[in-house]
Amino acid sequence: MAGSQHTQTHPKFTWRFLALSASARNVIHITAATEREVRDQSPVGCVMVFAGRLPVQGVQHA
């Protein structure tokens, strides 16, 4: 297959976590392919408790 490139893509998900800190409790939503990516993007100083992973829904135009 000359001229074609294969690129591996990872599906994106919306990850939900309960973020606990000394002053607040929040549910946060982060879009990423892996849990490691999510934890790298999570707020500093919070304990992150996994709550769910949902597939990202594309926008459909009529």
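Here E37 contributes atom CD and S42 contributes atom OG; the two are 12.5 Å apart, rounded to the nearest 0.5 Å.
Between F17 and R39 the shortest side-chain heavy-atom distance falls below 4.5 Å. The side-chain heavy atoms of T31 and H29, taken from C-beta on, include no pair separated by under 4.5 Å. Proximity of V38 to D40: side-chain heavy atoms (C-beta onward) are nowhere separated by under 4.5 Å.
Grouped by direct or indirect side-chain proximity (heavy atoms under 4.5 Å, Ile/Leu/Val/Met/Phe/Trp/Tyr only), L54 sits alone.
When all heavy atoms of M48 and P43 are compared, the pair lying nearest together is SD-CD, 4.2 Å. Nearest heavy-atom pair across S21 and G45 is CB-O, 4.0 Å.
Hydrophobic clustering keeps V47 apart from F50 (ILVMFWY residues linked when any side-chain heavy atoms are closer than 4.5 Å, directly or through intermediates).
Of the possible donor and acceptor atoms, one in the side chain of W15 sits under 3.5 Å from a partner among the backbone N and O of A32.
The number of heavy-atom neighbours closer than 6.0 Å to CZ of R25, taken from other residues, nucleotides and ligands shown, is 12 or below.
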